[in-house]
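Here is how names work: the chains are called A, B, and so on, in the same order as the sequence lines, proteins then strands, and each is numbered from 1.
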Amino acid sequence: LRSLTRLARSARRLSRRERRLACEALGWLILSRTSLAFVPYRVLSSSAAQLRPRHPADVTAEEGAAALRRAGLVLPVACLSRALAAQWLLARYGHAVDVQFGVHEGQDGSLVAHAWTLSGGVPVTGAAEAAACTPLNPTAAP
Amino acid sequence: MTSISRSAAVVASRAQLSTTLGDEVVILGLNDEVYYGLDGAGARMWDLLQTPRTIAELVDLLSTEFEVTRERLESDLAALIGALHEKGLVAVADPAGP
């Protein structure tokens, strides 16, 4: 309850625009988490390209990243859900998002997989954990 | 399981992402979103499959690197490549029907 109160206080400090964007990001997080339970990521990911940009220059990638970070405090979700939400949210503002996948060895020797996103070189989601990862690369198949 | 002819060209498909982690190759299948691991001769085979190769070529190359009979190698490679093909991790130019 205390942390929720703190969250509500910090939300009040945000501008109306930041609050609106954080709410929009939360909506995409809810949708991505729910969708990924039923539909393969590959299918959902390709749908981002079909979203029509709403206000192409209205929101920067940095603002989108901040909104997703704030929404993630309310609804912590897995990295793949965050990556998908980033694709959808930023596609609405005309930004392409590059999704990277990587793996690293966990402390118990198990394989830990991670997804993170960049938009025009700006880290959007999952950047902190990405430092420990070895990126997975596509094969340059003919 | 899919049967692949010795002369068919096999290559890592576009429906996967992979990397090397220690001695292991980690492959993320984009069709099923499952991570697969290969080590030893399997990892070396994956390395070779970054460019198209026939099973016969793979046997020639790997038999010089691993202590195994050509017959055993060919049979194991055919089984592994067939399994990878079923998962969409490799593309086969001319797969022979069963």
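Residues T134(A) and T20(B) come closest through the heavy atom pair CG2-O, 3.9 Å.
Rounding to the nearest 0.5 Å gives a distance of 7.0 Å between CG of L36(A) and CD of E33(B). Between the CG atom in L28(B) and the OH atom in Y41(A) there is a gap of 10.0 Å [rounded to 0.5 Å]. Rounding to the nearest 0.5 Å places NE2 of H104(A) at 13.0 Å from OG1 of T19(B).
Cluster annotation: V26(B) is not connected to V112(A) through the hydrophobic network of ILVMFWY side chains, with a link wherever side-chain heavy atoms come within less than 4.5 Å. Neither Y93(A) nor V122(A) shares a network with the other; the hydrophobic side chains, linked directly or stepwise wherever heavy atoms of I, L, V, M, F, W or Y lie under 4.5 Å apart, form separate groups for each. Note: the hydrophobic cluster containing L31(A) also contains L21(A) (ILVMFWY, side chain heavy atoms under 4.5 Å, direct or indirect links). L118(A) and V103(A) are members of different hydrophobic clusters when ILVMFWY side chains are connected at heavy-atom separations under 4.5 Å. Note on V10(B): it clusters hydrophobically with L89(B), by side-chain heavy-atom contacts below 4.5 Å among ILVMFWY residues.
Residue A91(B) does not touch chain A at all, counting heavy-atom pairs closer than 4.5 Å. Only the side chain of L21(B) comes within contact range of chain A, judged by heavy atoms closer than 4.5 Å.
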